[in-house]
Novice: 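Take this structure first; my questions come after.
The analysis underlying the following values was restricted to heavy atoms, covering all of them including side chains, and did not include hydrogens, waters or symmetry mates. Treat the numbers as computed from the prediction; the structure is a model and nothing was measured. For this chain, numbers begin at 1 and follow the sequence in order.
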Amino acid sequence: QVQLVESGGGLVQAGGSLRLSCAASGRVLSIGPMGWYRQAPGKQRELVATITSGGSTNYADSVKDRFTVSRDNAKNTVYLQMNSLKPEDTAVYYCSADVLTLQIGFEKYWGQGIQVTVSS
C-alpha cells in the first residue's frame with residue numbers, strides 16, 4: 001500500500017503565499033513524476049505543475065511565474081510554493097505520484113486533496 005498525504009492548505013488573502021507538501025509513504029521502491037492538480041467547484045480537475053525525478057518541471061500557463069514545484073527525493077516529498085495567489089486559485093489541490101512497488105510495478109497514486117481558499 002502507498003499513501004500520499006498533503007499538508008499546508010488553508011485560507012489566505014489575495015496576493016499572499018502558501019506552501020503545500022505531499023509525502024509518499026508505504027511500500028515505495030521508487031517514484032517517477034510527481035505533480036499537483038486542482039479542482040474548483042463545478043470544474044474539471046486540471047494540471048497545475050509536475051516534476052520528474054530528475055527535476056524537470058512543467059506548469060500550467062495560469063500559474064507560471066507564481067508557483068514553483070520542487071521535490072526531495074530522499075523524503076519522497078513534493079512541494080508547491082504558491083505566491084501572488086489570486087481568488088481564481090481557490091480549489092481543492094491534489095498531489096499525484098507515479099510510484100514503483102514490488103507488487104504492482106508503476107502506478108499513479110493520488111492524495112486525498114487539500115483545500116486552498118484565496119479571499120479577495
Side-chain angles (χ1 to χ4, degrees):
Q1 286 280 30
V2 173
Q3 298 83 35
L4 299 183
V5 179
E6 298 130 334
S7 60
L11 173 65
V12 65
Q13 288 187 332
S17 299
L18 283 175
R19 187 189 193 216
L20 304 183
S21 300
C22 174
S25 62
R27 298 183 177 184
V28 176
L29 294 180
S30 179
I31 302 180
M34 304 181 81
W36 292 94
Y37 294 73
R38 67 186 182 188
Q39 187 167 17
K43 295 187 177 181
Q44 291 188 332
R45 188 174 298 188
E46 63 176 2
L47 180 146
V48 175
T50 60
I51 183 167
T52 67
S53 57
S56 296
T57 58
N58 180 53
Y59 295 93
D61 289 342
S62 59
V63 306
K64 279 181 182 176
D65 301 324
R66 298 189 298 122
F67 291 10
T68 302
V69 62
S70 60
R71 64 190 283 171
D72 185 333
N73 291 330
K75 296 181 178 180
N76 291 338
T77 300
V78 62
Y79 306 96
L80 185 68
Q81 178 66 45
M82 304 184 292
N83 298 328
S84 302
L85 282 160
K86 304 175 181 179
E88 50 263 44
D89 294 319
T90 296
V92 177
Y93 284 69
Y94 298 88
C95 73
S96 73
D98 291 358
V99 180
L100 176 66
T101 63
L102 187 61
Q103 295 81 7
I104 299 175
F106 267 110
E107 186 172 354
K108 184 178 290 292
Y109 290 85
W110 294 90
Q112 79 282 3
I114 192 164
Q115 180 70 44
V116 171
T117 303
V118 184
S119 63
S120 58

Novice: What residues form a side-chain contact (heavy atoms from CB on, under 4.5 Å) with V5, not counting sequence neighbours?
Specialist: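 By the side-chain contact (heavy atoms from CB on, under 4.5 Å) rule, V5 matches no residue at all.
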Novice: Are any side-chain N or O atoms of R66 and backbone N or O atoms of S84, one a donor and one an acceptor, separated by less than 3.5 Å?
Specialist: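 Confirmed, R66 side chain pairs with S84 backbone.
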Novice: Show every donor-acceptor pair shorter than 3.5 Å between a side-chain atom in residues 43-52 and any protein atom, with sequence neighbours excluded, or say none if there are none.
Specialist:
unit_1	atom_1	unit_2	atom_2	d
E46	OE2	R38	NE	2.7
E46	OE2	R38	NH2	3.3
T52	OG1	G54	N	3.3
T52	OG1	G55	N	3.3
T52	OG1	S56	N	3.0

Novice: Can you list the steps and then say if T101 with Y109 is a side chain to side chain contact (heavy atoms under 4.5 Å, CB included)?
Specialist: CA-CA 11 Å; T101 63; Y109 290 85; 4.2 Å; yes
Novice: Look at K64 together with D61 and state whether they make a salt bridge at an N to O cut-off of under 4.0 Å.
Specialist: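 Here K64 pairs with D61 in a salt bridge, since their nearest N and O are under 4.0 Å apart.
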Novice: What heavy-atom pair brings M82 and L20 nearest, and what distance separates the two atoms?
Specialist: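 Closest heavy-atom pair between M82 and L20: CE-CG, 3.7 Å.
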Novice: So if you build clusters from Ile, Leu, Val, Met, Phe, Trp, Tyr with side-chain heavy-atom gaps below 4.5 Å, do V2 and M34 land together?
Specialist: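 Result: yes, single cluster for both.
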Novice: Should V92 and V12 be regarded as members of a common hydrophobic cluster, given that ILVMFWY residues are connected when their side-chain heavy atoms come within less than 4.5 Å of each other, either directly or indirectly?
Specialist: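 They do not share one cluster, since no chain of ILVMFWY contacts under 4.5 Å joins V92 to V12.
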Novice: Using only atom types and a distance under 3.5 Å, with no angle test, would you say the side chain of T117 pairs donor to acceptor with the backbone of T90?
Specialist: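 No; zero donor-acceptor contacts below 3.5 Å.
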Novice: Not counting sequence neighbours, list each pair that qualifies as a disulfide (SG to SG under 2.5 Å) and has a residue in residues 18-120.
Specialist: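 The answer is C22-C95.
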Novice: So if you build clusters from Ile, Leu, Val, Met, Phe, Trp, Tyr with side-chain heavy-atom gaps below 4.5 Å, do I104 and L100 land together?
Specialist: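 No, I104 and L100 fall in different hydrophobic clusters.
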Novice: What pair of heavy atoms forms the shortest contact from A91 to A40, and how long is it?
Specialist: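 Closest approach of A91 to A40, heavy atoms only: CB-N, 3.8 Å.
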Novice: Would L18 end up clustered with Y37 when hydrophobic side chains under 4.5 Å apart are linked, directly or stepwise?
Specialist: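 No, it is not one cluster - the side chains of L18 and Y37 are not joined through contacts under 4.5 Å.
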Novice: Minimum heavy-atom separation for S17 and Q81, please, with both atom names.
Specialist: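 Closest heavy-atom pair between S17 and Q81: CB-NE2, 4.0 Å.
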Novice: Testing the basics here: between I31 and A24, what is the closest heavy-atom pair and its distance to 0.1 Å?
Specialist: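 Shortest heavy-atom contact: CD1-CB, 3.8 Å.
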Novice: Report yes or no: does N73 contribute a side-chain atom to a donor-acceptor pair with the main-chain N or O of S53 at less than 3.5 Å?
Specialist: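 Yes, because the side chain of N73 sits within donor-acceptor range (under 3.5 Å) of the backbone of S53.
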Novice: What pairs of residues pass the disulfide (SG to SG under 2.5 Å) test when at least one of them lies in residues 38-72, not counting sequence neighbours?
Specialist: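 Sorted pair list comes back empty.
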Novice: Return yes if some donor-acceptor pair links the side-chain N/O of Q115 with the main-chain N/O of G9 below 3.5 Å, else return no.
Specialist: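 Checked: no pair found.
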Novice: Mark yes when over 12 heavy atoms from residues, nucleotides or ligands other than K108 sit less than 6.0 Å from its NZ; otherwise mark no.
Specialist: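 Enclosed: over 12 neighbouring heavy atoms sit under 6.0 Å from NZ of K108.
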Novice: Taking only residues two or more places apart in sequence or in another chain, which ones pass side-chain contact (heavy atoms from CB on, under 4.5 Å) with L102?
Specialist: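 Here the qualifying residues are L29.
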Novice: Taking all heavy atoms of T77 and all of K75, pick out the closest pair and write down the distance.
Specialist: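 So the two residues come closest at OG1-O, 2.8 Å.
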Novice: Would a hydrophobic clustering, with Ile, Leu, Val, Met, Phe, Trp and Tyr connected at side-chain separations under 4.5 Å, put Y79 with I114?
Specialist: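 No, it is not one cluster - the side chains of Y79 and I114 are not joined through contacts under 4.5 Å.
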Novice: What's the spacing between Q13 CD and S120 OG if we round to 0.5 Å?
Specialist: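 One finds 9.5 Å between CD of Q13 and OG of S120.
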Novice: Find the distance between OG (S96) and CG (D98) and round it off to the nearest 0.5 Å.
Specialist: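 Reported to 0.5 Å precision, the distance equals 6.5 Å.
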Novice: Applying side-chain contact (heavy atoms from CB on, under 4.5 Å), name anything that partners S7, two or more places apart in sequence or on another chain.
Specialist: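 Partners of S7 by the side-chain contact (heavy atoms from CB on, under 4.5 Å) criterion, ordered by chain and then number, come out as S21.
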Novice: Would you please classify the geometry between the W110 ring and the Y94 ring as parallel, tilted or perpendicular, with 30° and 60° separating the classes?
Specialist: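 Geometry flag for W110 against Y94: perpendicular rings.
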